[in-house]
Amino acid sequence: MTEKTVGDVLQSRRDLLKLGGMGLLAASVDAVWPLQLGATEKVTPRGNARNVLFYEISGAISHVESFDFKENAGTPPDLDVRKVRPDVYLSKRLFPRLEKHLDRICIQRSLLSHEEVHFRGQYYVQTGRQLNLAFAREIPALGSVIAMELEPRRRQNDTFPIYMSFNLDKAFPGALSTGFLPPRFSVVDINPESAVKGMALDKKAVELIEERWRLLNELRKSERERIAKYGREMAGYESFYETAHRLLTDERWPAAFHIADEDRKRYGSTPVGVSCILARNVLAQDAGTHYIHICHPGWDHHVKIWDKKAASNHYMLCDEFDPAFSSLLEDLATTKSKTDPSKTLLDETLVVAVSEFGRTVGQLNNMAGRDHYNKCYPALFAGAGVKGGLVLGKTDSQGAKVLETGWDHKEQPRQENVVATMYSALGIDWTKEIRNTPSGRAYVYVDPLGANGFIPTGEISLIYG
């Protein structure tokens with residue numbers, strides 16, 4: 001490998017990793033450490049999963065043409081809808097492969113969102129709480145809280161970050177910061193378009209990295225004291241450089257970014273298809289990553305939602321979702337766990353797929369699209385003991401109003417309850433609160449204060465049957 005080629009490889013790796021630092025750049029409050037923790041209730045987390053994989057359908061999928069199908073005035077005639085389970089009708093045109101995996105999936109149809117605009121909705125998805133501008137700077141991303149909680153479980157040879165994401169820079173708020181948590185809990189966000197470039201490093205390239213690292217450390221020795229005075233931002237970069245160095249010299253890292261031609265055919269050669277391949281590979285390496293956020297952007301069709309000639313439409317997005325998500329479930333279900341060969345990756349990974357809210361029902365709007373609708377929308381759960389084939393919650397004939405909440409509360413479940421479910425699966429007490437925040441306002445892992453008063457904060461336990 002020539003010096004120029006090595007340089008090109010290093011640059012492509014920097015392009016790949018640089019977005020992981022966005023959370024560091026966004027940090028604007030001093031880190032709090034050690035934390036003063038307490039619990040608000042007595043609960044027993046399940047601890048039934050080693051990993052959580054969160055698939056964000058970024059925007060809003062039309063629930064009445066997908067996972068809560070209801071025939072309506074705006075339904076296109078070519079969906080080829082079939083009854084695939086007693087209470088499930090699914091479009092063969094939109095989800096030809098997902099139909100085969102419904103025995104692994106629990107559908108919760110009765111979610112309610114606080115939010116109805118994308119920026120706030122995507123902030124809500126990443127943090128599990130409503131956007132409050134007075135405290136937003138100190139609020140950590142959900143993945144950063146998980147990284148902090150799981151840090152004591154890291155093994156000596158774990159080099160991959162606990163919290164990784166794919167394509168999250170495409171979300172409206174980007175990859176959110178660690179808030180008041182130390183920068184080492186920041187996300188490493190991967191750009192899937194850069195991920196497959198420059199991942200192979202031969203021995204000479206690794207030696208060059210090590211030599212550059214040695215020289216950099218020599219230069220920084222005299223600057224340590226001065227760097228410390230610059231505060232949290234510089235400390236964050238120091239931590240990020242350390243993480244990047246460990247990754248670049250771990251042979252499992254390039255292995256995780258190997259994509260076979262057959263994978264591209266099955267998952268699709270789209271950003272979300274590549275993201276799902278890489279998420280599978282990262283979990284298969286078992287190198288320390290336990291929370292993965294995949295962002296599938298583009299689901300916002302106020303105009304021409306079913307027009308195949310439009311630049312973007314629901315046909316196109318479903319054609320990306322169906323092979324990517326279906327192949328991910330297939331491969332997790334057939335890949336053996338490295339820690340327990342009697343289990344598969346799906347056995348030890350809770351998979352959640354959800355959008356920010358739903359879309360309006362009935363007749364299309366005057367631009368042949370569907371607008372935002374937060375009164376009810378679905379989520380999909382699979383893996384880690386989830387009982388497949390379940391349908392929780394029930395809506396009316398239009399898909400506009402919830403008739404049954406589908407869990408053990410009269411109130412509809414919300415994103416807070418999805419968050420509690422993920423915390424519980426990882427063995428994290430979701431009733432914890434951190435009391436020594438910069439503002440002095442306790443940070444509760446699952447916020448009980450909703451837009452109209454207190455809300456239930458428990459997990460959605462019925463997904464386990």
(message) What verdict does the side-chain hydrogen bond (donor to acceptor under 3.5 Å, both in side chains) test give for S424 and E459, after you've listed the backbone C-alpha separation in whole Å, the side-chain angles of each residue and the deciding distance to 0.1 Å?
(response) CA-CA 7 Å; S424 179; E459 63 174 334; 3.1 Å; yes
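- Considering only residues two or more places apart in sequence or on other chains, A442 meets the side chain to side chain contact (heavy atoms under 4.5 Å, CB included) condition with E433.
- The nearest pair of heavy atoms linking A382 to L346 is C-CD1, 4.5 Å.
- Legend: residues meeting side chain to side chain contact (heavy atoms under 4.5 Å, CB included) with P173, ordered by chain and number and at least two apart, are F119, Q122, Q126, A171, L176.
- The number of heavy-atom neighbours closer than 6.0 Å to NZ of K387, taken from other residues, nucleotides and ligands shown, is 12 or below.
- Between the side chains of K170 and S58, not a single donor N or O lies within less than 3.5 Å of an accepting N or O.
- A donor and an acceptor atom, one from each side chain of E416 and H114, are located under 3.5 Å apart.
- In this structure, the side chain to side chain donor-acceptor pair (under 3.5 Å) partners of K432, at least two apart in sequence or on a different chain, are E149.
- Remark: H290 pairs with no residue by the ring-ring contact (aromatic ring centres under 6.0 Å, His included) rule, at least two apart or across chains.
- For K70, the NZ atom counts as densely surrounded, since its 6.0 Å shell holds more than 12 non-hydrogen atoms of other residues, nucleotides or ligands.
- No donor-acceptor pair under 3.5 Å is formed between the side chain of N48 and the backbone N or O of G385.
- With sequence neighbours left out, R85 forms a side chain to side chain donor-acceptor pair (under 3.5 Å) with no residue at all.
- Between R184 and E151, at least one side-chain N (NZ, or NE/NH1/NH2) sits under 4.0 Å from a carboxylate O, which counts as a salt bridge.
- With hydrogens and angles disregarded, no donor-acceptor distance shorter than 3.5 Å links the side chain of R280 to the backbone of D331.
- Put simply, the side chain of S91 gets close to the backbone of L79: a donor and an acceptor are under 3.5 Å apart.
- Residues I107 and L392 have side chains not in contact (no heavy-atom distance under 4.5 Å, counting atoms from C-beta outward).
- Shortest non-hydrogen contact noted between D68 and G399 is OD2-CA, 4.4 Å.
- Heavy-atom contacts from other residues, nucleotides or ligands closer than 6.0 Å to CG of D261 number 12 or fewer.
- The backbone N or O of G358 lies less than 3.5 Å from no partner atom in the side chain of H63, so there is not a single donor-acceptor pair.
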(request) For K100 and E330, run salt bridge (charged side-chain N to carboxylate O under 4.0 Å, His left out): C-alpha distance rounded to whole Å, both residues' side-chain angles, the deciding distance at 0.1 Å, then the answer. (result) CA-CA 10 Å; K100 302 172 185 177; E330 289 170 7; over 6 Å; no
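- Applying the ring pair (Phe, Tyr, Trp, His ring centres under 6.0 Å) test to every pair with at least one member in residues 30-60, sequence neighbours left out, gives these pairs: W33-F185, F54-H293, Y55-H296, Y55-F321, Y55-F325.
- Contact of the R50 side chain with the D286 side chain is registered, since non-hydrogen atoms from C-beta on lie closer than 4.5 Å.
- Not a single donor-acceptor pair under 3.5 Å links the side chain of D322 to the backbone N or O of D319.
- Only one option out of I294, I190, L168, N191 pairs with S275 in a side chain to side chain contact (heavy atoms under 4.5 Å, CB included); it is I294.
- Side chain of W430 to main chain of V419: no donor-acceptor pair is present (N/O by atom type, distance under 3.5 Å, no hydrogens or angles).
- Aromatic pair F357/Y377: ring centres not closer than 6.0 Å.
- Counted by atom type alone, N281 and H258 present zero donor-acceptor pairs between their side chains at under 3.5 Å.
- Atom NZ of K265 has 12 or fewer neighbouring heavy atoms from other residues, nucleotides or ligands inside a 6.0 Å radius.
- Under the 3.5 Å distance criterion, with hydrogens and angles disregarded, no donor-acceptor pair is assigned to the side chains of H314 and S62.
- Minimum heavy-atom separation, R252 to T159: NH2-OG1, 3.7 Å.
- Remark: K343 NZ is loosely packed, at most 12 non-hydrogen atoms of other residues, nucleotides or ligands lying under 6.0 Å away.
- The main-chain N or O of R266 is found under 3.5 Å from a side-chain atom of S327 such that the two form a donor-acceptor pair.
- A donor-acceptor pair shorter than 3.5 Å can be found between the side chains of T349 and N51.
- Side-chain atoms of T421 come within 3.5 Å of backbone atoms of I460 as a donor-acceptor pair (strictly under, hydrogens ignored).
- By the 4.5 Å heavy-atom criterion applied to side chains, P413 and V418 are not counted as neighbours.
- Checked against the 6.0 Å centroid threshold, Y123 and F172 do not count as a close aromatic pair.
- The aromatic rings of Y443 and F180 stand perpendicular to each other, their planes meeting at an angle above 60°, with 30° marking the opposite boundary.
- Looking at heavy atoms from C-beta onward, E356 lies out of side-chain contact with S113 at the 4.5 angstrom threshold.
- For the residue pair S337/E348, the side-chain donor-acceptor check at 3.5 Å is satisfied.
- The structure places CG of L142 at 9.5 Å from CZ of R129, a figure rounded to the nearest 0.5 Å.
- Counting heavy atoms from C-beta on, the side chains of F166 and I292 come closer than 4.5 Å.
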